[in-house]
Amino acid sequence: MYSTEVNIWSVTRKQYIYKLHALFGAFGTLTAVQILAFIFSFGGTGSLGVSYSGISVTVQYYSSDGIFLFTLIWAFITGITINYRSYRDAEFFFVTNRLVSNLSNIAFLLTASLAAGVTIVLLSSTLKLSLYLTTANGHIIDTANIALPPGELLIGILVAALSAALLSCFGYVVGMLVQLSKLFIIVLPVLFFGFSNLENVTGYGFLSSAFKFYGGETSLLLFSLKVILTLVLLYALTILMSNRMEVRR
Amino acid sequence: MIFISFLLPIALVCIFLAFVMATHRLWKPSRSKTKYVIIVYGSILLLSLPITYIVASFTDAQPAEQMIEHAQAATSEFLLAIEERRLPSAEYIRAIEEWNLRYEENKPLSISIRGQRSKSIWIMVERNEQLPDDQINITYYTTPNVVDNYDFSHLIHPPEVFIIGQNLIIHDDNIPLELELIGFRRETFIDRFLAEDSHRAQETFIGKDLLYMEVPAHLELEVMNNIELILID
């Protein structure tokens with residue numbers, strides 16, 4: 001009989017708040033990655049050229065697709081690094097179990113993904129504003145489109161956050177597999193490059209099919225459902241996998 | 001070839017990891033520094049959003065569909081006007097520059113063109129009895145020059161037009177005019193969820209240039225360089 005009952009959700013909440021402080025550096029890395037991507041975005045994403053009667057017109061196009069891509073890479077790596085031994089060992093100072101640890105990790109990754117989604121869209125505005133301020137008057141072909149309509153802004157935040165959540169989940173699964181067995185450090189990259197090469201040789205692409213399953217979806221509702229279901233399934237799998245691990249290695 | 005295709009991504013990953021390890025040793029950010037950077041970064045992002053909406057609200061750009069329709073109509077009207085030997089309707093042409101030039105009266109005036117761009121200019125002449133005998137008025141008109149639904153006619157400067165002796169010279173420096181414009185593309189991860197009709201075609205229209213000359217009724221004109229003058233009745 002205990003004088004105080006331990007509520008799993010209150011413990012998870014406390015762990016989540018602890019991890020927000022302990023893993024604060026991840027947000028610093030997000031900032032650094034996005035600033036780097038912002039700088040690279042000034043190279044443009046495409047161009048259009050027209051030439052006639054002694055006049056040559058070049059239109060250089062810009063978007064924040066590069067920022068989106070860099071942030072997804074950050075999300076994937078963050079999902080892996082959250083499983084580092086130093087972070088897991090620190091949890092042994094708290095009253096916790098594997099379920100609480102995983103739930104707090106998942107909550108942290110979802111929070112980080114939301115932050116990533118919001119900052120991607122806001123940084124897109126910053127990019128356009130920077131270009132507007134540094135470009136001569138009359139040389140911007142669609143000044144009215146410098147601002148995304150509010151509806152598209154919300155769509156962008158939702159899609160970017162879900163995409164980051166998906167990639168961080170994949171990273172978390174990879175990190176968990178590596179914790180199960182160090183052999184996965186070799187097996188996973190070999191599988192990845194093997195599937196890529198198999199596509200080049202046979203024309204059948206498992207990876208491209210997987211990419212199209214998410215990346216080719218044009219319905220926002222279906223995309224959201226696909227991502228949420230994937231998150232639920234994969235996180236449930238990692239919780240089951242972690243329960244099979246030893247108490248401390 | 002297969003071996004090389006494995007090498008490149010592995011090499012890139014190794015270079016990246018080496019960079020991260022090297023910079024981590026050189027600079028270990030403290031928590032307070034990180035916090036400060038994040039606060040500044042977040043503030044810039046939050047400020048940018050309302051400013052872009054303010055900037056967008058001050059622009060009065062013509063909708064793309066209207067722009068394209070106008071450019072199409074302007075081109076049609078211009079070609080029809082050339083055929084009918086009249087000045088195109090003012091609704092479809094824009095006056096860019098005007099010259100009032102003096103010449104030595106009672107002598108023929110020769111017209112010549114120098115430069116690549118000037119060769120594409122149409123020249124229309126109308127005799128005006130009201131004009132003094134030693135003066136000609138010239139106006140440079142253009143129809144919309146459009147690229148990706150954007151009228152950039154205001155960026156095109158007209159040729160130089162001047163008189164030396166009895167020679168009217170239409171001149172440009174023969175260096176191609178290079179214009180660099182920028183455009184914003186909707187992000188791919190947003191674009192694919194929007195309806196098809198939100199996509200717009202990238203229309204391009206090459207503008208027609210016209211030099212409209214009002215000359216005294218009895219002025220004799222000579223043309224050089226195989227110039228074709230369009231005489232208004």
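Proteins get letters first, then strands, A, B, ... in listed order; numbering begins at 1 in each. Everything quoted here is computed from the prediction, not taken from an experiment.
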Can you confirm whether B/W99 is buried at CH2, in the sense that more than 12 heavy atoms of other residues, nucleotides or ligands lie under 6.0 Å from that atom? yes
What part of A/P149 lies closer than 4.5 angstrom to a heavy atom of chain B: side chain, backbone, both or neither? backbone
Is it true that, when you exclude A/Y214 itself, more than 12 heavy atoms of the residues, nucleotides or ligands shown sit nearer than 6.0 Å to its OH? yes
Sub-4.5 Å side-chain heavy-atom contact between A/Y62 and B/R185: no
Of the backbone (N, CA, C, O) and the side chain (C-beta and beyond), which part of A/L30 lies under 4.5 Å from a heavy atom of chain B, both, or neither? neither
Applying a strict 4.5 Å limit to non-hydrogen atoms, the region of A/S219 in contact with chain B is backbone
Part of B/F152 within contact of chain A (heavy atom distance under 4.5 Å): side chain
OG/B/S57 to CD1/A/I146 distance, rounded to the nearest 0.5 angstrom? 11.0 Å
Leading residue by heavy atom contact count with chain B [cutoff under 4.5 Å; candidates A/I67, A/L48, A/T45, A/L153]: A/L153
Nearest heavy-atom pair of A/E217 and B/F193: which atoms, and what distance? O-CE2, 3.4 Å
Evaluate whether atom NZ of A/K226 has more than 12 neighbouring non-hydrogen atoms of other residues, nucleotides or ligands under 6.0 angstrom away. yes
Check the surroundings of atom CZ in A/F192: do more than 12 heavy atoms from other residues, nucleotides or ligands lie under 6.0 Å from it? no
In short, B/Y150 meets A/I141 closest at the heavy-atom pair CD1-O, 3.2 Å
Just so I understand: if I count every heavy-atom pair under 4.5 Å between each of A/T119, A/L220, A/V50 and chain B, which residue has the most? A/L220
For B/R186, is there an ion pair with A/E152 - N to carboxylate O distance below 4.0 angstrom? yes
With distance as the sole test, does A/D65 use its side chain to make a donor-acceptor pair with the main-chain N or O of B/T188 at under 3.5 Å? yes
Residues 39-46 of chain B vs chain A, non-hydrogen distance cutoff under 4.5 Å, contacting residues -> B/Y41, B/I44, B/L45, B/L46
Under 4.5 Å heavy-atom distance to chain B, tell me which part of A/V57 shows up: side chain, backbone, both or neither. both
Closest approach of B/A56 and A/A147, non-hydrogen atoms and distance? CB-CB, 4.0 Å
Please report the interatomic distance CG(A/L127) to CD(B/E187), rounded to the nearest 0.5 Å. 8.5 Å
What part of B/L47 lies closer than 4.5 angstrom to a heavy atom of chain A: side chain, backbone, both or neither? neither
Would you find more than 12 non-hydrogen atoms of other residues, nucleotides or ligands less than 6.0 Å from B/Q72 atom CD? yes
Roughly how far, to the nearest 0.5 Å, is CG of A/L129 from CG of B/L49? 10.0 Å
Quick one: pull up CG in B/L179 and OG in A/S56 and give me the separation to the nearest 0.5 Å. 8.0 Å
Looking at B/Y53 and A/P150, what are the two nearest heavy atoms and their distance? OH-N, 3.9 Å
Does atom CD of B/E84 have more than 12 heavy-atom neighbours from other groups under 6.0 Å away? yes
I need the minimum non-hydrogen distance between B/G207 and A/Y52, along with the two atoms involved. N-OH, 4.4 Å
At a heavy-atom separation under 4.5 Å, does A/L131 approach chain B through its side chain, its backbone, both, or neither? both
Would the number of heavy atoms belonging to other residues, nucleotides or ligands and lying under 6.0 Å from CZ of A/F42 be above 12? yes
How far apart are the C-alpha atoms of A/I120 and B/F189, what are their side-chain angles, what is the distance that settles it, and do they pass the side-chain contact (heavy atoms from CB on, under 4.5 Å) test? CA-CA 11 Å; A/I120 286 171; B/F189 62 92; 3.8 Å; yes
Which atoms of A/L148 approach chain B - backbone, side chain, both or neither, heavy atom under 4.5 Å: both
Of the listed A/L123, A/I155, A/V121, A/V118, the one with the largest count of heavy-atom pairs under 4.5 Å with chain B is A/L123
Could you tell me which of B/I182, B/I190, B/I156, B/T52 has the largest number of non-hydrogen atom pairs under 4.5 Å with chain A? B/I182
Considering only heavy atoms from C-beta outward, does the side chain of B/L155 approach that of A/H139 to under 4.5 Å? yes
Give me the atom names and distance for the closest heavy-atom approach of B/F184 to A/Y61. N-CD2, 4.4 Å
